[in-house]
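Below is one structure; the comments refer to it alone.
None of the values given here were measured: they were computed from a predicted structure. Here is the naming used below: chain letters follow the sequence lines, and residue numbers restart at 1 for every chain.
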Amino acid sequence: MSDPFKRSFEPAPPAPAAGSITARARGAHRAPYLEGLNPEQREAVETLDGAVLVLAGAGTGKTRVLTTRIAHILSLGRARASEILSVTFTNKAAREMKTRIGAMVGEAVEGMPWLGTFHSIGAKILRRHAELVNLKPDFTILDVDDQIRLLKQLIAAENIDEKRWPARLLANQIDSWKNRGLSPDQVSAGEGATFANGRGRDLYAAYQARLKTLNAADFGDLLLETIRLFRQHPEVLRQYQTRFKYILVDEYQDTNVAQYLWLRLLAQRTSGTAAADLVLRDAALRAAPQDEAREEPASAISAPTPRPEEPAHSAGVSKDVAPLGPPKNICCVGDDDQSIYGWRGAEVDNILRFDHDFPGAKVIRLERNYRSTAHILGAASHLIAHNEGRLGKTLRSEGEAGERVVVSTAWDSEEEARAVGEEIEQLQRQGHRLDEIAILVRASFQMREFEDRFVTLGLPYRVIGGPRFYERAEIRDAMAYLRLVNQPADDLAFERIVNVPKRGLGDAALQNLHDLARARGVPLIEAARAMGTSEAVKPKPRAALRDLVAAFDRWRAQRDTLPHNELAEIVLDESGYTEMWQKDRSADAAGRLENLKELVRSMEEFENLQGFLEHVALVMDTDRGEDHEAVSIMTLHAAKGLEFDTVFLPGWEEGLLPHQRSLDENGRAGLEEERRLAHVGITRARKNARISFVSNRRIHGSWTSSLPSRFLDELPEQHVEVREAKGGFGGYGNAYGSRFDTTAAFGSSYTTPGWRRAQKSRGGFEEDPHEYSQVEPDEPAGRMRDVGASRAPGGGTNGAFKPAAARPAPSFAASSASGTPPRRAPVTIEGELVARSTGAPSAFSRGDRVFHQKFGYGRVRAVDGNKLTIQFDKAGEKKVVDSFLNKA
DNA sequence: CAGCGTTCCATTTTT
DNA sequence: TGGAACGCTG
């Protein structure tokens, strides 16, 4: 291979086709693993050179493509296992890939050291070069608890009222900065001001400094610090660029800006070129909220370490990035229609702009679905087609038509749960396995009602999600002990266990330790050592401190002689931690002891303590299989990637399935993400999808009547069966009656097909079947009702709302013509106005007085793109989209 | 430092 | 409505 550095200066050749042709010719004859792939899959596997984006719809064999591709690379001898970088988001996905590659190529999996999550690979790289980013190779990976505790201290140290500015909030803010690849110096002043009246950025910087002295990194750092390492040490970057001959990325639609930058750096053929920095500028521009980019172009746009030899690029240049040299062989697999993690920093833009970011990229669509029936796919496809920001795919079923998607309704959530329970029992009687049935909810509070009902019925169920094994208090405590044995300077671990079990070392004692430690510049445990012999300390705490320090000295001495799992047992026993739980009489104490045992047992699999600690921080996950057959209950988010024969989708109501908060905070983008969530839900089903909505739901204790989800309107008639629930509890007529009244009172006539179907289902009026055909995917505006504002008297289109510009006029004519009450002029949904990440800058800035139709007068507290945080005079602080505001 | 009352809040969550 | 988290009191 020629010198990669040199090559990057050559003009970008198109991705060489020759390679794949040869591969195909060879593969056709001698590769059994290629058998059974459909043509698109095969193309995705065999297109090895350059950048490839595989748009893999739900159930189209995404993992198979990824794993086969790796097998293909290996079997052609294109690269060794250690030269393939393969990243996933979850450990589960990584594990599955390992297993499946193992099944194909055998032993070589063990030699795939670079197959893992973004974070675990980031950690691996970082440990190798820790000293270059001011860490030691054995740095600690902090969990969220530690992070919050640390931030609390910093906030207190700054004399900021933690009530008003909770550490949690700051943690989220810092996290979101890290997600966007911003280090403290890159956070623009305007945005840095969002926390505690302008001290957010300083706190972030202080936090980072503190992490260094603690020799610790949080999850975000595993990526961000790696990026910094790569930028500041091109020779290190080059080493990895050379090593990784092929890069594969799973779930590309979920990547955030930091992950994108990380990938970009590695996918360059060489570092240090102007082109590479241009890319970074581009990404930084995308990452920085527009308003701040305007305020402070320099800080928002410039790369972190400006290279003096490079000419400064104007902002104008970075908008249209110069093409890069040929990218490495990078293959990203994803599905924009399944991007449901925007709220935690995922940038759909990454996938939407792939061919822009990687010029000459080949885009391959996988649209043959092997999972679901034609009815299910028809419904899902039609629904998702209402989204605008998508690359567009049409899933085709390779199976039979199957049954239509069933839509049913219930009076309230209790009855909904009852109906689902009955249906499941019936399925069970028909011989369906409970393992093949799932209930997918939008929000976890919905689960409770199902659990209650299933307990009553004696129907086995399993809640997926919830607190992870390593998030449990007892595991974290035990881990803190082990961390401290491993790393005396781990102050956060020390704080966690200094008084667990109770040693009479309360807040006061800890405060003294802190003071001393700070004064002397030593870790807490050293301060404890000093105070343990100091006359100034009262005898009782003095003895406690002495014992504690002595214990840790002892354990540390044993570290090299004892197997680490035995050591762990000794630590837990001698510290009194095990005893603490043995004495505890609460119901879950036994379970906690069990978990501790499990923890110790699982240590056997690791070579040393260090390796184990790394594992728990990054890898250990929740699904320790319960073996009995049970119905699964989980959130729609948790269901991504899973499939079941039968899927129940309860709670399709306005405000819950398009979740109100998503609409309020992210407007149109939020709505589209909610729709993707609905789409993910339906496509989990192989044979049966059963959607339901209720008229009344208890929210925060009080009953609220609800409207059917707009997504119901977006389901195509031919694939849907509206079924009247059996049982007759509660009186449906009543339900509809009252809801109809409510609707009328709002003045927004509810005449959409979904609604009318519902009417029909209880023997209401008949409607013209043509109605349904009016629901076309290309008519999104017409389907969107204004959610918030229309409820206010006289709400709707008014001065506060911008018109729905540049959208095709919705075809209302037909529905009016067919005798339905005339609908009002199209009302813009809040989202219409909302920014995508590349949207226009907000016209508002901090401090502006504003007026909001619903919340009244207020003042702008913070600006984040088009999302504003407003302190309303009456309604309190809210996040709103700027287009909902007028200047006051 | 434990226990109790009060207050506040209430999508989605991986690593 | 229900829980978690906090602050006050004994």
Side-chain angles (χ1 to χ4, degrees), chain A residues 87-94 116-123 141-144 147-148 152 162-164 166-168 171-172 175-176 178-179 217-224 250-251 254-256 258-259 339-346 413 440-449 464-468 470-471 499-510 540-541 614-623 634-641 651 655-666 670 673-674 676-678 680-681 697-704 876-877 879:
Chain A
V87 278
T88 62
F89 272 84
T90 63
N91 293 301
K92 200 172 153 203
T117 61
F118 276 100
H119 295 269
S120 67
I121 290 172
I141 298 168
L142 295 190
D143 65 33
V144 188
Q147 220 181 325
I148 304 269
K152 268 194 182 145
E162 215 248 308
K163 273 250 178 91
R164 196 163 157 66
R168 177 109 239 157
N172 288 338
D175 208 47
S176 107
K178 288 187 173 177
N179 282 158
D218 65 17
F219 281 115
D221 285 343
L222 297 180
L223 290 167
L224 202 52
D250 191 18
E251 306 277 17
D254 287 340
T255 48
N256 59 36
Q259 285 155 341
S339 165
I340 54 176
Y341 286 108
W343 52 274
R344 69 178 194 214
S413 45
L440 311 183
V441 297
R442 172 68 246 259
S444 41
F445 74 82
Q446 291 174 264
M447 293 180 178
R448 215 189 134 154
E449 222 119 17
I464 314 274
R468 260 147 270 291
Y470 63 82
E471 281 172 1
N499 203 31
V500 180
K502 306 275 178 235
R503 297 189 175 90
L505 299 168
D507 289 346
L510 190 59
K540 238 169 95 183
E614 177 100 355
H615 172 82
V616 176
L618 288 176
V619 181
M620 193 167 235
D621 49 20
T622 172
D623 36 64
M634 68 189 95
T635 63
L636 287 163
H637 285 92
K640 195 171 77 155
L656 184 57
L657 188 43
H659 199 281
Q660 192 57 48
R661 214 159 143 174
S662 195
L663 263 27
D664 287 346
E665 290 176 8
N666 293 303
E673 184 153 312
E674 296 290 306
R676 289 192 290 263
L677 215 36
V680 165
R697 195 171 281 283
R698 219 171 22 185
I699 300 185
H700 317 325
S702 53
W703 288 97
T704 317
E877 189 173 291
K879 268 194 169 179

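- Atom CE in A:Met634 sits about 15 Å away from atom C1' in B:dT13, given to the nearest Å.
- With B:dT15, B:dC1, B:dT11 as the choices, the nucleotide that has an atom nearest any side-chain atom of A:Glu665 turns out to be B:dT11.
- Listed here is the closest heavy atom pair of A:Lys178 and A:Leu224: CG-CD2, 3.7 Å.
- Shown here for A:His637 and A:Leu677, the closest heavy-atom pair between the two residues is CE1-CD2, 3.5 Å.
- A:Asp218 places no side-chain N or O within donor-acceptor distance of the main-chain N or O of A:Leu142, the cut-off being under 3.5 Å.
- Atom CZ in A:Arg661 sits about 14 Å away from atom C1' in B:dT13, given to the nearest Å.
- Protein atom CG of A:Leu505 is 7 Å distant from nucleotide atom P of B:dC1, rounded to whole Å.
- We find that CD of A:Gln660 is positioned 15 Å from C1' of B:dA10, with the value rounded to whole Å.
- Of all heavy-atom pairs between A:Glu614 and A:Ala123, the closest is OE2-CB, 3.5 Å.
- If you measure from atom CG of A:Leu223 to atom P of B:dT14, you get 16 Å, rounded to the nearest angstrom.
- Set against B:dT15, B:dT12, B:dT11, the side chain of A:Phe219 has B:dT15 as its closest nucleotide.
- Contact between the side-chain N/O atoms of A:Asn256 and the OP1/OP2 oxygens of B:dT14 is not found at any separation under 4.0 Å.
- An aromatic stacking contact between A:Tyr341 and the base of B:dT14 is absent, as defined here by ring centres under 5.5 Å apart and ring planes under 30° from parallel.
- A:Asp175 comes within 4.0 angstrom of no nucleic acid atom, judged by non-hydrogen atoms across all strands.
- Minimum interatomic distance between A:Asp254 and A:Ala346 (heavy atoms only, all atoms of both residues): O-CB, 3.4 Å.
- Using a 4.0 Å cut-off, some side-chain N or O of A:Ser444 falls inside it from OP1 or OP2 of B:dT12.
- A donor and an acceptor atom never sit less than 3.5 Å apart when one is taken from the side chain of A:Arg698 and the other from the base of C:dT1.
- A side chain to side chain contact (heavy atoms under 4.5 Å, CB included) with A:Gln259 is found for one member of A:Leu223, A:Val87, A:Asn179 and no other, namely A:Leu223.
- Closest to the side chain of A:Arg344, out of B:dT15, B:dT13, C:dC6, is B:dT13.
- Nucleotides C:dA5 and B:dT12 place their P atoms 15 Å apart, quoted to the nearest Å.
- As rounded to whole Å, 17 Å separates atom P of B:dT14 from atom CG of A:Asp218.
- Proximity note for A:Thr90 (side chain, C-beta onward) versus C:dC6, B:dT14, B:dT12: the nearest is B:dT14.
- B:dT13 and C:dG2 are spaced 22 Å apart, taking the P atom of each and rounding to whole Å.
- Note on A:Lys540: every side-chain N or O is 4.0 Å or more away from OP1 and OP2 of B:dC1.
- The phosphate of B:dT15 has OP1 or OP2 within less than 4.0 Å of a side-chain N or O from A:Asn91.
- The residue among A:Gly504 and A:His637 whose nearest nucleotide of DNA chain B is located toward the 5' end is A:Gly504.
- Note on A:Ser702: every side-chain N or O is 4.0 Å or more away from OP1 and OP2 of C:dT1.
- Atom CZ of A:Phe445 is separated from atom C1' of B:dA10 by 9 Å (rounded to the nearest Å).
- Rounded to whole Å, atom C1' of B:dT15 lies 10 Å from atom CG of A:Asn179.
- In the set B:dT12, C:dG3, B:dT15, the nucleotide with an atom closest to the side chain of A:Arg448 is C:dG3.
- The 5' end of DNA chain B is approached more closely, in terms of each residue's nearest nucleotide, by A:Lys502 than by the other of A:Lys502 and A:Glu674.
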